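Only one structure is covered here, and it is reproduced in the block below.
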2 protein chains.
Amino acid sequence: MARAALTREEVLAAAADLVRRDGPQSLTMRGLAAELGTAVTSIYWHVGNRESLLDALVERTVAELGAIRPAGRTPAARIVSVAVTLRRRLLDHPHLVAMVHERGLTERMFLPARRALVHEVRAAGLRGTRAADVVRAVQFQVAGHVLVERDRERAPARHPVEEEPWGARTAREDPALARALARPVAPERLFALSVKALVAGLLAEPAGEGRGRPSGPGRESGANGVSRAPYSH
Amino acid sequence: MARAALTREEVLAAAADLVRRDGPQSLTMRGLAAELGTAVTSIYWHVGNRESLLDALVERTVAELGAIRPAGRTPAARIVSVAVTLRRRLLDHPHLVAMVHERGLTERMFLPARRALVHEVRAAGLRGTRAADVVRAVQFQVAGHVLVERDRERAPARHPVEEEPWGARTAREDPALARALARPVAPERLFALSVKALVAGLLAEPAGEGRGRPSGPGRESGANGVSRAPYSH
DNA sequence: ACCTGAACACCGTTCAAGT
DNA sequence: ACCTGAACACCGTTCAAGT
């Protein structure tokens, strides 16, 4: 009673289905075999092992994400839009984020946005190392935010951060601040706000950081490079 | 040949040792029992199950981290210093980061820095919602960066991001940029640069984002709020 | 070339039984 | 109150054997 010939594609598709439904941690070789109606060992012949099966899944899902097109008038706005869109796309595939993280493949998350970022950063007038820094800073920002968000929704209010020790004093001095910190985070708003600030800061600063000379206007004022004037105006 | 009475403390200490040595994923109940010279089932009596054992370990490790003291002259510099120090502390306990993430306890990572951040953000002149936004943006930035870094070092150059498709054109137009992107990331430098830019951007912008009026000087210039003048000078 | 069942070496957890 | 061994229901992977 042998079933129709099992293919690698079939295995990957079934695995993707299972992951989409219940997440990667629930994908077992035995369960997958049951789903496919084959012996567990057949799967090994087609995909090697669980590790490389998940690798293949990551690759396939990233490819499906597609490239990201910037929107907006200024380069800064367009960079922000790429970040916002990439975040949305990644959160639409929460299991991809988990898989990518568990398997040390964060780079893969960056892929859909990289080309657009490189283009926009150059459009903003940045070159060389400085341009690369901005590309990477934005990539890390998006990936980091998505990881933290994923992680938080995994544990919906486990410990409601009970009885903050600093709460009493802050509540007295700035009740609005205390109340705001007690409220749950609104991730979308926090991300938009953060990425705008980051991009504004990145485009404003020479970002020299010791090595090489700043490629910007080259002013030396400011305590330690933290508060400088915006770039190009 | 019963050993001396087993205590919960003893179990936690041995578990912490194992985690410190080989990471949380290598902590098995059976292995822990072997280390302690007891039956597996004894451990269950003291800590319930693996889940709550790891919970307790997280709590204990976070407590050991201790509070973070800001350094620097300006509020911005002090906020940056808190971020830099928290990152260092967390990276010194890589397994804590992994555990916290796997178990949806990211909030816990923020704890050592929260008090200092609240204080410094207020010293920078921010109040209410705006102050809370900055505190959280910095926390997310640190946690996100640490998660991404951890993830990357887990897979040391797995796929060297082979043959970037955008590579050819970028290499022609801006070889220095292409070279910079081909180089491995220097995480410490990237983090310092990012957090400085983020803080500069956050302190510069009213960060209104639709709800309520901006509490800053309230200028309305700039394309979409991305490039505004720095705060307070 | 592709599929199979049996077996190995693990897991976390429960439970009835001991003292 | 604390500890125990046996057992249950899982894992991923290997291997010799089939066609």
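To find a chain, count down the sequence lines: A is the first, B the second, and so on, and within it residues start at 1. All figures in this text were calculated on a predicted structure; none of them were measured in a lab.
- For the pair A:H46 and C:dC3, the criterion of a side-chain N or O lying under 4.0 Å from OP1 or OP2 is met.
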Expected rows: protein N/O vs nucleotides 8-12 of chain D N/O, under 3.5 Å:
from   : atom 1 : to    : atom 2 : distance (Å)
D:dC11 : N4     : A:R30 : NH2    : 3.4
D:dG12 : OP1    : A:M29 : N      : 3.3
D:dG12 : OP2    : A:M29 : N      : 3.1
D:dG12 : N7     : A:R30 : NH1    : 2.3
D:dG12 : O6     : A:R30 : NH1    : 3.3
D:dG12 : O6     : A:R30 : NH2    : 3.2

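- Comparing the P positions of D:dA9 and C:dA9 gives an interatomic distance of 22 Å, to the nearest angstrom.
- In B:H119, the NE2 atom is not crowded: 12 or fewer heavy atoms of neighbouring residues, nucleotides or ligands sit closer than 6.0 Å.
- A pairwise comparison of heavy atoms in B:M99 and B:V19 identifies SD-CG1, 3.8 Å as the closest pair.
- Looking only at distances, no side-chain donor or acceptor of B:S81 sits under 3.5 Å from a matching main-chain atom of B:P70.
- Every residue was checked against the salt bridge (charged side-chain N to carboxylate O under 4.0 Å, His left out) condition with A:R69, not counting sequence neighbours, and none meets it.
- Proximity note for A:W45 (side chain, C-beta onward) versus C:dC3, D:dC3, D:dA6: the nearest is C:dC3.
- Regarding contacts with the backbone of C:dT4, a side-chain N or O of A:S42 is found under 4.0 angstrom from either OP1 or OP2.
- Contacts of A:E64 classified as salt bridge (charged side-chain N to carboxylate O under 4.0 Å, His left out), with partners at least two apart in sequence or in another chain: none.
- Pairing analysis of DNA chain D (Watson-Crick: purine N1 to pyrimidine N3 plus N6-O4 or O6-N4; G-U wobble: N1-O2 and O6-N3; both under 3.5 Å) yields stems of 3 or more pairs at C:4-8 with D:12-16, C:12-16 with D:4-8.
- Partners of B:T106 under the side-chain hydrogen bond (donor to acceptor under 3.5 Å, both in side chains) rule, at least two apart in sequence or in another chain, are A:D151.
- In this structure A:R179 satisfies the salt bridge (charged side-chain N to carboxylate O under 4.0 Å, His left out) test with no other residue, sequence neighbours excluded.
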